Participant: 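This structure is in structure tokens; I'll ask about it shortly.
Residues take their numbers from the sequence shown, with the count starting at 1. FYI, side chains are in, hydrogens and waters are out, and symmetry mates aren't considered; it's all heavy atoms of this structure. All values derive from a computational prediction rather than experimental measurement.
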Amino acid sequence: MTVFKGYFLIIRRNIWTIMMYIMIFVVISCMIEISFRDSAVTGGFTSARVKVAVMDREGGVLGDTLRCLMQEEQDLVELPDEKQRLQEELFYGNVDYVLIVPENASEALEQGEKAIQSVTVPNSVSSFYVESQVDSLLNQIRVCLAAGFPLEEACAKSLEIAEISADVKLMDVNGNAGIREGYNYYFGYMPYAFLGAAVMSMSVVIMEFKKKDIRRRIQSSAVPFYRQNIAMILSFGAVGILIWGICVLMQAVLYQGGIFRSPHVGYYILNSLVFMAASLSIAYLTGMIANSPGALNGLNNIISLGLCFLGGIFVPIEMLGNDVERVSRFLPTYWYSRINGILGDYGSISAELQKTIRLGVAVQLLFAAACFAVTLALRRMQMREKD
């Protein structure tokens, strides 16, 4: 009990460090979740609209047809036909695409030549989108002209065809309507809070107990080595539950119940608790390695940021390449992220997905056990060292 109180005495001195990492995590996760929510498609598919200006120098039916198409499919911007003015509007982003209908456009179209011109921002993605629509309309007009229709009728029929749209129904294959809940993004970035708070709180405790005077008192006390380890595990577990409980409570407040409204609440709790155990084991090992607060800060940044990047927490693992993924499979962050992705993407968990989840939990537990065993060996070696 004395050793247990000693651990908590040092932990209380670092409580604000723990809260700092938790608040940083909450702010980051909320900002990312809001950005995804604003850009997510929740009410069906909607095509993007580009700001287009049409310069009809011919003044004929072809220019009117193209203008009608742009007004229907894009955001039509009225501008004077002045070169300097058009360049300024393109430069400042007030217009994305300038469609020019030359004076001989209708004649060139009937002869199978290039009928229109365009001015866009170099390497603009939106320009390809508009050009595909314009080319599709012009090709349809050419087909009608080849069939013997006059130009006016060919333009009218082509415009009618361009306005035809198909009814699209999205199938709910995964059972979640293709939408991830906000609390899933919150849990996706939770490892950063767990690692930062655990390392900066528990490692400091280990460093204190590594000091020469304290180590001598412990060695000369009647408390055996295994009871010291039990007290350490209990104190670590209590702090881990405290950090985990704060994070889970905050998501319940932010998301009106959060995971407690999800059918996968058990999986969320299991995955986060197992990763907390891995974080505590990493913090224990870090405390045994670090010898000063400066070294601890450096190790904390390397460990928390490195594991989060390599494990797919900050950057999707698919963007890092196959070689990085092979290495990441040995990290707890990889399996935590993968399990969290399954819980967010699927409304119902199949037997195959349950196997993946069990494998991810097992790897995280094995990682925690390996770190803990290595740290215990290092601690026993340090206690046997002669001062």
Participant: Is the CD atom of Gln84 crowded by more than 12 outside heavy atoms at less than 6.0 Å?
Facilitator: no
Participant: Judged by atom type as modelled, is there a donor-acceptor pair below 3.5 Å linking the side chain of His264 to the main-chain atoms of Gly344?
Facilitator: no
Participant: Look only at the side chain of Lys157 and the backbone of Gln140, and say whether a donor-acceptor pair between them is shorter than 3.5 Å.
Facilitator: no
Participant: Whether Arg67 and Glu78 form a salt bridge (side-chain N of Lys/Arg under 4.0 Å from carboxylate O of Asp/Glu) is what I want to check.
Facilitator: yes
Participant: Could you walk me through whether Arg329 and Arg338 satisfy the side-chain contact (heavy atoms from CB on, under 4.5 Å) test, starting with their C-alpha distance in whole Å, then the side-chain angles of each, then the deciding distance to 0.1 Å, before giving a yes or no?
Facilitator: CA-CA 10 Å; Arg329 287 178 179 272; Arg338 187 168 181 182; 3.8 Å; yes
Participant: Is the side chain of Ser136 donor-acceptor paired with the backbone N or O of Ser132 at a distance under 3.5 Å, no angle test?
Facilitator: no
Participant: Please check this pair: side chain of Thr286 against backbone of Val199, looking for a donor-acceptor N/O pair closer than 3.5 Å.
Facilitator: no
Participant: Can you classify the ring geometry of Phe314 versus Phe309 as parallel (below 30°), tilted (30 to 60°) or perpendicular (above 60°)?
Facilitator: perpendicular
Participant: In plain terms, say whether Asp75 and Arg49 are close enough for a salt bridge, that is, a side-chain N and a carboxylate O under 4.0 Å apart.
Facilitator: yes
Participant: Check the orientation of Tyr183 and Tyr255. Use parallel for under 30°, tilted for 30 to 60°, and perpendicular for over 60°.
Facilitator: perpendicular
Participant: Decide if atom CD of Glu325 counts as having more than 12 heavy atoms of other residues, nucleotides or ligands within a radius under 6.0 Å.
Facilitator: yes
Participant: Between Leu145 and Glu110, is a side-chain contact (heavy atoms from CB on, under 4.5 Å) present by the stated rule, with each step listed?
Facilitator: CA-CA 7 Å; Leu145 290 174; Glu110 292 175 348; 4.0 Å; yes
Participant: Is it the case that the ring center of Tyr129 lies less than 6.0 angstrom away from the ring center of Tyr97?
Facilitator: no
Participant: Do the side chain of Gln74 and the main chain of Val50 share a donor and acceptor less than 3.5 angstrom apart?
Facilitator: yes
Participant: Begin with the C-alpha distance, continue with both residues' side-chain angles, and end with the deciding distance and a verdict on side-chain contact (heavy atoms from CB on, under 4.5 Å) for Leu90 and Thr120.
Facilitator: CA-CA 7 Å; Leu90 283 169; Thr120 64; 5.7 Å; no
Participant: Check the side chains of Ser106 and Glu58 for a donor-acceptor pair under 3.5 angstrom, ignoring hydrogens and angles.
Facilitator: yes
Participant: Is a side-chain N or O of Ser328 found less than 3.5 angstrom from the main chain of Tyr334, in a donor-acceptor match?
Facilitator: no
Participant: Starting from Phe91 and following side-chain heavy-atom contacts under 4.5 Å between hydrophobic residues (I, L, V, M, F, W, Y), which residues can be reached?
Facilitator: Tyr92
Participant: Okay, side chain of Gln251, backbone of Ile259: is any donor-acceptor separation there less than 3.5 Å?
Facilitator: yes
Participant: Might you work through the side chain to side chain donor-acceptor pair (under 3.5 Å) test for Glu88 and Asn94, ending with a clear yes or no?
Facilitator: CA-CA 9 Å; Glu88 290 178 354; Asn94 298 326; over 6 Å; no
Participant: Any chance you could lay out the side chain to side chain donor-acceptor pair (under 3.5 Å) test for Tyr268 and Asn184, step after step, and finish with the verdict?
Facilitator: CA-CA 9 Å; Tyr268 276 109; Asn184 183 262; 2.8 Å; yes
